[in-house]
Student: 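Starting off with a structure, shown below.
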Number of protein chains: 2
Amino acid sequence: MPATKTSKEEILRKSTHLIWEQGYKHTSFSDLSKACGIQSAHFYYYFKDKEDLMTQVLENSAELFRQKIFSVAYRDELPAEERLAVIIKKLNVFYTKNYGGCMFGNVVLETAHADSPFLEVVRELFKDFIAALKHIYASKMSEAEAQSKAILTIQQLEGAIMMMRLYKDRSFVDNAWAKITL
Amino acid sequence: MPATKTSKEEILRKSTHLIWEQGYKHTSFSDLSKACGIQSAHFYYYFKDKEDLMTQVLENSAELFRQKIFSVAYRDELPAEERLAVIIKKLNVFYTKNYGGCMFGNVVLETAHADSPFLEVVRELFKDFIAALKHIYASKMSEAEAQSKAILTIQQLEGAIMMMRLYKDRSFVDNAWAKITL
DNA sequence: GTCTATAATAGGATAGAC
DNA sequence: GTCTATCCTATTATAGAC
């Protein structure tokens, strides 16, 4: 049994959930402490400051995306169409749930004007996202075309998420995916 | 000659510029007062509160987009290709200048989780943006196809702007436009 | 490892002199 | 119409008891 009432993993999990919903700046320690059931001050036991917490939230989510979603792209025993379909389905769970959108995209638009310490983590995440889609597309077209198509796919998805959030309507994301064919 | 040292128009213009760069929440009255050359308290002479200022910034920019950019779509004496090219060129001035991106998209991702009073203004803006592109596309395809293509174009653009901001590289936007053909 | 208390600051907003 | 002074609140962060 654990020696602690609340584990760091539990705090990170619940914080991640809230930040996906509300964004970084808008989520205060007051919000987080309610969601996690601990005192605001207790965050400083596990994390240096809010920036440190957010960095770990981002790295955690990025690792989850790599292991649970992007990895599907490399299961070469499955047909490319099926791999793409599985990835779309899994992404939609994160992106269209309660209209919170994409935390990675959100943090870019929230902090890109400053020298945000988060951008490097997000760049790595999108690099791996692009590589995964490229690997699938490359079975049907040249490497260069696959690379270009992968980037356009992600841009279309991120734009559709923005429209979904603006109009509170998931069909923007559905229609965007419908246009992405192999 | 004006009776005032600083006009409301001047304050709105400079505030708009800073908010395009930094976003709504991240721009404080302290920032704005420096940029406008007036005391923080003086904003309350012209505006009820920060939300009121932001609403006028958004409405101002939206009106500018309508008059200077979207209107080009309806100059039916020009070929469709040329109208589209002019619109792209004008949009790029706003979107790729100093990597600040699209204020309208930014404010959606910044505030969509709450019941933001700004979303309605942005919805109207994007409605007119879609209508303008649809009008151009409709000269080459059905109304339904033109509507769908207009939405996809805007989503691609907004996604490309996000990538541009993430990697500080305008080629994402250039490449996105290159794929948008009539 | 968790709590209370509290510091320190920043940001939004108001009052009132001139 | 512009300024100084000030208030209020939210938020990040620290100190220290238990």
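When reading the values below, keep in mind they use all heavy atoms of this one structure, side chains included, and skip hydrogens, waters and symmetry mates. Note on naming: letters A, B, ... go to the chains in the order of the sequence lines (proteins, then strands), and numbering restarts at 1 for each one.
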Student: In whole angstroms, how far is the P atom of C/dG12 from the CG atom of B/L32?
Tutor: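 Going from CG in B/L32 over to P in C/dG12 covers 8 Å.
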
Student: From CG of B/D49 over to C1' of C/dG12, roughly how many Å is that when rounded to an integer?
Tutor: 9 Å

Student: So do B/R83 and B/D76 actually touch side chain to side chain, heavy atoms under 4.5 Å?
Tutor: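 In contact.
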
Student: Nearest-nucleotide wise, let me know which of A/A41 and A/H26 is further upstream toward the 5' end of DNA chain D.
Tutor: A/H26

Student: Of the nucleotides C/dT2, C/dA13, C/dC3, which has the atom closest to the A/Q39 side chain?
Tutor: C/dC3

Student: Linking I/L/V/M/F/W/Y whenever any side-chain heavy atoms sit under 4.5 Å apart, do A/L58 and A/F70 land together?
Tutor: yes

Student: Specify the separation, in whole Å, of atom CG of B/D31 and atom C1' of C/dG11.
Tutor: 10 Å

Student: With a 4.5 Å heavy-atom cut-off, do A/L53 and A/L12 have their side chains touching?
Tutor: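 When only atoms from C-beta onward are counted, A/L12 and A/L53 do touch, with a gap below 4.5 Å.
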
Student: Grab the CE-C1' distance between A/M54 and D/dT12 for me, whole Å please.
Tutor: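 After rounding, the gap between these two atoms is 16 Å.
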
Student: Looking only at the aromatic ring of each residue, does the gap between the centers of B/F104 and B/F94 stay below 6.0 angstrom?
Tutor: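 No, the ring centres sit 6.0 Å or more apart.
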
Student: Is B/Y44 near enough to C/dA13 that one of its side-chain N or O atoms lies under 4.0 angstrom from OP1 or OP2?
Tutor: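 For B/Y44, the contact criterion (side-chain N or O under 4.0 Å from OP1 or OP2 of C/dA13) is met.
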
Student: Write down the distance between CG (A/L53) and P (D/dT11), rounded to a whole number of angstrom.
Tutor: 15 Å

Student: To the nearest Å, how far apart are B/K25 NZ and D/dT11 C1'?
Tutor: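 Those two atoms, NZ and C1', are 11 Å apart.
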
Student: Taking the side chain of A/S28 as heavy atoms from C-beta outward, which of D/dT12, C/dT2, D/dT2 is closest to it?
Tutor: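 Per side-chain heavy atoms of A/S28, the pick is D/dT12.
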
Student: Rounded to the Å, how far apart are A/H42 NE2 and D/dA15 C1'?
Tutor: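 Those two atoms, NE2 and C1', are 16 Å apart.
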
Student: C/dG11 C1' sits how many Å from B/K50 NZ, rounded?
Tutor: 8 Å

Student: By the 4.0 Å heavy-atom rule, please label A/F29 as base, sugar-phosphate, or nothing.
Tutor: sugar-phosphate

